[in-house]
Amino acid sequence: MDIAMQSDVDVSPSRYQATANSDTATTALAQAISRLYGYFYPRIGGNRALAEDLTQDTLLSAVRSANPPSNDTELMPWLFSIARNKLIDHYRKQDRERRNLGHRIDEDEFKLHTGLPDLDLESLPVRDEVITVLNHLNPRFQAVIVLRYFDGCDVATVAQAMFLSETATQSLLARARNSFRAIWIARNGDSR
Amino acid sequence: MTHDTDHDFQQFRGKFDSAMVPDAAFKAKMEKLLNAEHQHVAAERVSSLIASPSTTGSGTVVPTRRNHPLMVAAAVLMVFAVVASSIWVLSGNVLEGEYANAPSGIATLPPDATGTPGPDVQLMTVPIDGLADVGSLLGIYDGVAIYYARQPAPQGLVRETSQPALTAEPFARENSLIAADINTGQRLWNLDNVAVYSVSHSGETLVLIQGDYGRFGEVQNREITGINLRSGEVLWETAVADSSHGVANQTGQISLVTEELVVIPDSDGVIRAWNPDSGQLIWENSFDPGKGNEVEWVTGSSQTETMRLVNLAGTLWDDYIVIVNDNGALQVISPTTGETISTQDVMRKNTQNQQLFSIPAGVVLFTQTSDQNGQRTEVSLINPLSGEVAWTTVFAGGAGSPSQAMDGSLVINSSEWHQNSMFLRLLGQSGYSTNQFYWIDGSTGQELLHTERERQARFPLYNFAVTNGDYACIRTEKTEVVCFDRTGTRFVFEADLVGDMMFVEDRLYVTTEDGLATVTLP
């Protein structure tokens, strides 16, 4: 039955205001594809297919959300909060798989290594190298490095995401940094 | 020069947030998908608006499906229709029927209802070559299912039970380890005449601990064997320990396998680690197995034989090896050197059947005790380095292997034995078991949710209840499996003669009469 034929139903324009606003939101979401893809790509080791999957998951979650933000200025922060949760879920899943199926024990994480040099992160090869080194870390190390230093989360936020105390998170961060430095030095030499 | 601050990592802040242009085909696909999704969502919202007049004005609130009384009524009617029409179609087919395209967003249903899982649930069955010969499902690794086919003992001998053998004859068995591809059902290889203690894998190597069956069914003269997972080629073998002096480890013995280590504590009081690719011994360390339980077994002759049982449990936590023994000690060992880093007294001595499970915050220790009040399980979260107990909670009955959900909660499978009436016991039905699943907060130990107690199928010869953290499933009938998710939503599916079940990540594998079924839960 055509909706408009039902005389007892209010089909005034106000009913479809939500729909019109949703059209604008969908356009904004489509434009966010590139930004989300750019967010995921370096954080998951440069895996394009995985970056596409996470981008798709994020956008579909956003469209299906019952409570989207009411104005455009809130849209991108909201979208990236969804994206970060998807990323954390991805790390947790990888970590669980790693724990279930056996994982590599990295002797280097127990040592202290020389710090990283100042890097030209505007240079594409240097950025690619950082992504490659990150990808060599185990998922838990990747997660804390990304959340703390790529996304700028404080230790409390990282701890909450990793289900750890702040003290344990600090310890995990220290080991992650060590491991990152060890791999960087092994691949690029100690330039300090 | 060493460096233990994070100044060098601060340079990464904000440097990896640039937009990137994805593949043009992906971008086009996403835009199309978003438009289609938007239209679907908008249509649902318009439908719900028509079903119930909303408040006027710009602040119109669109009712969600969960709250609207007409939608709840529709869900109830769907439930009755499911029960009436026996919806599930299985065995080689994708889930069919009226609810193959059911909407998502299922409300929690009463525990005695049948859930409507929605379009994401799929059941695919692949026939396994020679399934009639296939026995217990031991594991699924990288697309290869490992089965253990045990031949029945010849007539006249006592079958393996928990009671001591009443005859001096050894158990006579011909047992085979069988590998099959889970996607094609094709048998890849089989290894005959093995007494299997445990199976795990490291990369492409299947790590098998096997030996000979002893008088009481224990696996003696154990060897670790590395086998190529796909070809069945034996890569290496090495002896574990000589247990011919009468010491046996029957309960709680562990083996831990990673990409670089196979770790086994053994009856001679030594923990050893081998390289899983070469079988080379890497390190060994002593441990105190505790006083254990001295047990006397009566054989067919008047001679008694004393066997010493060592109860152990172990796990890998934060790359450390953590072992707990029945002396009440929790031992942390370096995986690289084998050195003991710390030993803590964490529990009462002479407890039974302890299990260790690793979560990021520490190790979860399960210990079972029995007294005049029945069996109960204590669960504690412990920092293995400091021995600090973060929380302890107690469950009635026994507890099966726990698992962790994506949100960090733990699901615990609590089982209880119920004795039948004298009349039924005379008919040979001594009792039955029930299972109940608890989800608890991994950080605090507080209960989040528990399911109703479900009765197990009779003669649970297989893995009757399995969990993966986000889901918990129990075989309630020969052909029925009941699953719960961590919101308490209940799902039921059927298959022809449900056998072993096993979770691998988010997929449930079920051995059925027709083959190996893969169940993808929503």
Participant: Which residue out of B/M30, B/K29, B/M20 racks up the most heavy-atom pairs below 4.5 Å with chain A?
Facilitator: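 Of the options given, most contacts go to B/M20.
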Participant: Which answer fits A/L172, side chain, backbone, both or neither, if we ask what part of it has an atom under 4.5 Å from a heavy atom of chain B?
Facilitator: side chain
Participant: Verify ring pair (Phe, Tyr, Trp, His ring centres under 6.0 Å) between B/F12 and A/F180, making sure each step is shown before the conclusion.
Facilitator: CA-CA 13 Å; B/F12 292 153; A/F180 190 103; 5.8 Å; yes
Participant: When you check the side-chain N and O atoms of B/Q11 and A/D118, is any donor under 3.5 Å from an acceptor?
Facilitator: no
Participant: With a 4.5 angstrom heavy-atom cut-off, which part of A/L173 approaches chain B: side chain, backbone, both or neither?
Facilitator: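 A/L173 has no heavy atom closer than 4.5 Å to chain B.
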Participant: Do A/R127 and B/F16 form a cation-pi contact, if we require the NZ or CZ to be under 6.0 Å from the six-membered ring centre and within 45 degrees of the ring's axis?
Facilitator: yes
Participant: Under 4.5 Å from any heavy atom of chain B, what part of A/V130 do you find: side chain, backbone, both or neither?
Facilitator: side chain
Participant: Regarding A/Y149 and B/D6, do their side chains bring together a donor and an acceptor under 3.5 Å, going by distance alone?
Facilitator: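 The criterion, which ignores hydrogens and geometry beyond distance, is satisfied for B/D6 and A/Y149.
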